[in-house]
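Just below is one structure, and these are the notes that go with it.
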Amino acid sequence: MTELHERLREAVRRAEGRSPEPSAAIVDSQSVKADATVTHVSRGFDAGKKINGRKRHLLTDTLGLLLAVLVTPASMTDRDAARILLPAAKNHFRRLARVWADGGYTGHLTDWTTQHLGVVLDIVRRSDDASGFEILPRRWVVERSFAWFLRSRRLVRDYERRTDTSESVILWSMTMLMSRRLAAQHQQRLAPARAA
């Protein structure tokens with residue numbers, strides 16, 4: 001399934017006039033409640049969000065397409081997960097040079113990514129004057145990807161016993177989304193020919 005996902009992502013990027021391999025990405029995480037089927041060793045408590053479950057760490061390209069996913073207990077910090085997720089992504093995507101992230105990734109991680117990976121980690125901060133909802137440059141892209149996943153009933157909670165199965169369900173959901181996107185683009189290209 002991973003190979004299918006990779007090929008579909010490359011096809012969608014080409015259809016959008018982009019290089020098949022991205023040079024920039026956005027990283028973020030989402031805590032979700034875990035079902036009773038999720039074992040205690042693979043779940044944790046996210047004190048900030050007050051959620052007992054798992055955390056989905058996503059790395060997306062600037063179109064919101066999935067580049068990498070890591071599912072951990074919700075207690076794992078974004079910085080610790082990024083130390084696993086980003087090196088794996090850099091090994092796979094050699095052109096990757098810039099990653100945008102939120103304030104949860106500040107601190108030693110910004111220097112570490114530059115020194116060890118050759119990747120610039122840009123922190124996009126919320127303004128101190130803002131109250132309520134605010135659209136933040138670049139970060140909204142990964143937030144939209146999380147919203148896309150929540151359209152899949154199976155991803156509203158984490159129901160999987162194993163984290164790798166949970167990651168596969170996320171990959172499958174993005175694969176379906178990209179398939180539909182390519183099919184819609186194909187239909188749009190065919191429409192003028194049928195009209196003539």
Side-chain angles (χ1 to χ4, degrees), residues 1-2 4-6 8-13 15-16 18 22 24-35 38 43-44 46-74 76-78 81-82 85-86 89 93 96 98-105 121-127 130-160 163-185 187-188:
M1 180 175 54
T2 305
L4 173 62
H5 177 267
E6 297 275 320
L8 282 171
R9 186 185 59 242
E10 289 174 6
V12 171
R13 287 183 59 82
E16 294 288 334
R18 306 286 181 98
I26 305 102
V27 66
D28 203 359
S29 67
Q30 176 190 51
S31 294
V32 290
K33 291 180 180 176
D35 193 65
V38 175
R43 70 164 70 208
D46 181 344
K49 304 269 176 56
K50 308 279 191 275
I51 290 179
N52 182 351
R54 286 187 176 152
K55 198 179 271 192
R56 299 170 181 156
H57 305 271
L58 295 189
L59 185 71
T60 69
D61 67 5
T62 55
L63 298 173
L65 305 176
L66 188 65
L67 300 177
V69 59
L70 177 67
V71 175
T72 66
M76 181 176 268
T77 67
D78 292 348
L85 190 67
L86 294 178
F93 304 103
L96 190 62
R98 181 172 299 266
V99 175
W100 289 280
D102 66 18
Y105 297 87
L121 183 66
D122 277 337
I123 305 299
V124 180
R125 288 182 172 37
R126 205 177 125 103
S127 74
S131 62
F133 179 73
E134 177 186 8
I135 295 177
L136 297 171
R138 302 291 182 186
R139 278 185 38 203
W140 68 268
V141 174
V142 72
E143 297 295 344
R144 181 184 61 186
S145 299
F146 283 126
W148 286 341
F149 290 135
L150 292 179
R151 289 182 189 167
S152 300
R153 237 180 348 176
R154 188 138 173 207
L155 292 174
V156 171
R157 282 181 177 249
D158 198 316
Y159 294 99
E160 313 309 322
T163 56
D164 60 340
T165 306
S166 205
E167 291 165 3
S168 294
V169 173
I170 292 167
L171 273 175
W172 180 251
S173 180
M174 181 56 81
T175 300
M176 296 304 295
L177 188 140
M178 290 187 297
S179 300
R180 283 189 225 115
R181 190 167 173 172
L182 283 171
Q185 288 171 345
Q187 289 296 326
Q188 286 176 346

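All values reported here derive from a predicted model rather than from experimental measurement. Each residue takes its place number in the sequence, starting with 1. What's counted below: heavy atoms across the whole structure, side chains too, no hydrogens, waters or symmetry copies.
- Legend: residues meeting side-chain contact (heavy atoms from CB on, under 4.5 Å) with Thr72, ordered by chain and number and at least two apart, are Lys55, His57, Leu70, Met76.
- Side-chain contact between His5 and Thr2 is absent, with no heavy atoms from C-beta onward closer than 4.5 Å.
- The line from CH2 of Trp100 to CG of Leu121 is 11.0 Å long, rounded to the nearest 0.5 Å.
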- Task: Would you please test Glu6 and Arg9 for salt bridge (charged side-chain N to carboxylate O under 4.0 Å, His left out) and show each step?
- Result: CA-CA 5 Å; Glu6 297 275 320; Arg9 186 185 59 242; 2.9 Å; yes
Residues 141-149, side-chain donor-acceptor partners within the protein, below 3.5 Å, at least two apart:
| unit_1 | atom_1 | unit_2 | atom_2 | d |
| --- | --- | --- | --- | --- |
| Arg144 | NH2 | Leu63 | O | 2.8 |
| Ser145 | OG | Gly64 | O | 2.6 |
| Ser145 | OG | Val141 | O | 3.3 |

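- For the atom pair Trp140 CH2 and Asp28 CG, the distance stands at 14.0 Å (nearest 0.5 Å).
- Distance CZ/Arg54 to CG/Asp46: 14.5 Å, rounded to 0.5 Å.
- Among all heavy-atom pairs drawn from Pro22 and Asp61, the shortest one is CB-CB, 4.1 Å.
- Counting heavy atoms from C-beta on, the side chains of Val71 and Ile170 come closer than 4.5 Å.
- You'll find the side chain of Glu160 stays beyond 4.5 Å of the side chain of Glu167, heavy atoms only.
- In terms of heavy-atom proximity, Ser173 sits nearest to Ser152 at OG-OG, 2.9 Å.
- The salt bridge (charged side-chain N to carboxylate O under 4.0 Å, His left out) search around Arg98 returns Asp122, not counting sequence neighbours.
- Contact record, Val38 with Tyr159: CG2-C, 4.2 Å, taken as the closest heavy-atom pair.
- Rounded to the nearest 0.5 Å, atoms CZ (Arg157) and CG (Leu150) are 12.5 Å apart.
- For Leu96 against Ala25, the heavy-atom pair with the smallest separation is CD1-CB, 3.8 Å.
- Leu59 pairs with exactly one of Ile26, Leu85, Leu66 by the side-chain contact (heavy atoms from CB on, under 4.5 Å) rule, that one being Leu85.
- The backbone N or O of Val169 sits nowhere less than 3.5 Å from a side-chain atom of Arg154 that would complete a donor-acceptor pair.
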- For side chain to side chain contact (heavy atoms under 4.5 Å, CB included), just list the numbers for Met174 and Leu177, CA-CA rounded to whole Å, side-chain angles, deciding distance to a tenth of an Å, and then say yes or no. CA-CA 5 Å; Met174 181 56 81; Leu177 188 140; 4.1 Å; yes
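- Taking the side chain as every heavy atom from C-beta outward, Leu155 and Arg56 approach each other to under 4.5 Å.
- A side-chain hydrogen bond (donor to acceptor under 3.5 Å, both in side chains) with Thr62 is found for exactly one of Glu16, Arg13, Arg18, namely Arg18.
- Distance check, rounded to the nearest 0.5 Å: CD of Gln187 to CZ of Arg180 gives 14.5 Å.
- Of the residues listed (Asp102, Asp78, Thr77), the one engaging Ser29 in a side-chain hydrogen bond (donor to acceptor under 3.5 Å, both in side chains) is Asp78, and it is the only one.
- Between Arg43 and Asp35, the shortest heavy-atom distance links the atoms NH2-O, 2.7 Å.
- Here OG of Ser31 is found 11.0 Å from CG of Asp158. Values are rounded to the nearest 0.5 Å.
- Counting heavy atoms from C-beta outward, Ile51 and Lys33 have side chains that approach closer than 4.5 Å.
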